Asks: 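My questions will all concern the structure given below.
Treat the numbers as computed from the prediction; the structure is a model and nothing was measured. Counting convention: from 1, in listed order, for ligands and their atoms alike.
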Amino acid sequence: MMMTRALLALCVLSAPLAHAQEPDAALLARARAILERAPLIDTHNDLPSMLIERNGGDLAGLDLGVAHPELCADIPRLREGGVGAQYWSVYTDAGNARTNRSLHEALREFDVVLRLVRSRPELELARTADDIERIRRSGRIASLIGVEGGHMIEGSLEVLRIFHELGARYLTLTHWNTLEWADAATDRNEHEGLTEFGESVVRELNRLGMFVDLSHVSADTMRDALRVSRAPVIFSHSGARGVDPHVRNVPDDVLALLPKNGGVVHVNFIKEFVSPADPEWQKRKTAAREELRASLDDEKAVDAGLAAWEKANPHPGGTIAEVADHIDHIRKVAGIDHVGIGADFYDKGTTSMVRGLQDVTRYPYLFAELLRRGYSEDDLLKIAGRNHLRAMRQMEKAAEPLRRP
Ligand SMILES: [Zn+2]
């Protein structure tokens with residue numbers, strides 16, 4: 001891909017910084033050895049959507065047994081990154097809800113994940129915490145399914161039950177948009193959290209043995225879900241507002257509720273949600289957009305103008321150290337038992353993820369940084385996957401007495 005002059009300048013500027021972040025070889029080797037034992041569980045990767053965008057999800061002729069740098073995951077790079085279990089994201093644009101195509105599109109995503117997992121001997125579908133450990137022990141990568149957005153159930157608990165039957169083990173209550181039954185972080189606050197139906201979705205998830213995922217939802221929705229849920233919740237790909245005050249991130253009062261609930265915040269690597277310098281940059285971008293709109297009628301021209309503005313004013317980025325700052329903060333407020341990893345790789349990563357964590361090979365670099373900060377091996381094992389396994393077992397146990405035909 002052609003590199004613009006602005007981007008090239010950014011790379012040149014950031015090169016010494018990236019170099020400064022290189023951990024020493026001994027720490028990196030220790031981090032790799034710990035991830036071998038963990039297992040490392042990542043709770044969010046958008047490969048299914050990339051495969052659908054690529055060619056409608058046709059897997060014939062695609063060998064994921066060799067590296068595919070144009071995709072956000074492949075077997076050799078997952079292995080290099082030490083990944084033991086991966087949640088594949090079933091995601092469709094919330095805009096599909098307006099044309100009643102959410103369920104249809106969700107089923108296309110399920111179909112791709114299920115075929116993907118069957119197509120590779122290195123992968124196996126995991127439905128339980130025991131499955132994750134068994135599959136990992138056999139030397140394969142446990143594959144799980146997370147549904148990113150409550151719009152895909154189209155207001156139906158029946159659909160939710162079928163999603164569970166197909167293997168889904170979490171439902172993110174909303175994506176970017178507020179639903180009829182739940183407020184999103186990045187849209188209007190219509191219900192001050194969950195409606196009565198929203199609460200029944202949480203109870204049904206508890207009953208099924210599926211995680212309530214609170215990434216993307218408003219703080220009120222987080223609080224309502226934590227009040228109603230009888231099982232640990234997860235944030236499959238979030239950060240801490242105490243580090244980057246983005247609305248997508250988890251506020252301290254919600255983090256403080258996690259020890260009682262047992263839930264886990266899985267930290268993402270997207271620069272926008274990681275970098276503390278992001279909000280100020282977003283403000284300048286919004287002002288630039290308003291200025292363009294004042295002088296141009298055509299929204300396409302505004303978009304083009306904004307793209308030029310972004311080239312001249314690149315995003316401040318984000319670093320491995322800043323991702324570690326989110327982990328530090330969650331440990332401080334919620335405790336070491338409530339932190340995990342959910343990177344949210346969704347594209348080639350070169351512009352969307354923080355420097356140094358641009359693809360699935362890079363997890364050990366983050367863990368090396370945590371070792372440098374004095375985290376113990378036990379702390380690292382917990383963050384890598386044991387917190388998630390513990391929460392999953394608690395969630396499975398909470399479902400037992402609630403089961404009904
Ligand atoms: Zn997301």
Asks: Would you say S102 and T92 are linked by a side-chain donor-acceptor pair, where the criterion is simply a distance under 3.5 Å?
Replies: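 Their side chains do not contain a donor-acceptor pair, so the 3.5 Å distance test is not met.
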Asks: Hey, are H237 and E148 close enough side-chain-wise for a donor-acceptor pair under 3.5 Å?
Replies: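 Side chains of E148 and H237: pair found under 3.5 Å.
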Asks: Has the side chain of D213 got a donor or acceptor atom that lies under 3.5 Å from a matching backbone atom of V233?
Replies: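 Checking the backbone N and O of V233 against the side chain of D213, no donor-acceptor pair under 3.5 Å is found.
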Asks: Decide if the gap between the ring center of Y346 and the ring center of Y91 is smaller than 6.0 angstrom.
Replies: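 Aromatic pair excluded; centres sit 6.0 Å or further apart.
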Asks: What protein N/O/S atoms are found closer than 2.8 Å to the Zn ion (ligand 1)?
Replies: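 Hits for the Zn ion (ligand 1) below 2.8 Å: E148 OE2, H216 NE2, H237 NE2.
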Asks: Give, for atom CG of L173 and atom NE2 of H151, the distance between the pair rounded to the nearest 0.5 Å.
Replies: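 L173 CG to H151 NE2: 12.5 Å, rounded to 0.5 Å.
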Asks: Do Y87 and H266 meet the criterion of a side-chain donor-acceptor pair at a distance under 3.5 Å?
Replies: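 No - no donor-acceptor pair under 3.5 Å links their side chains.
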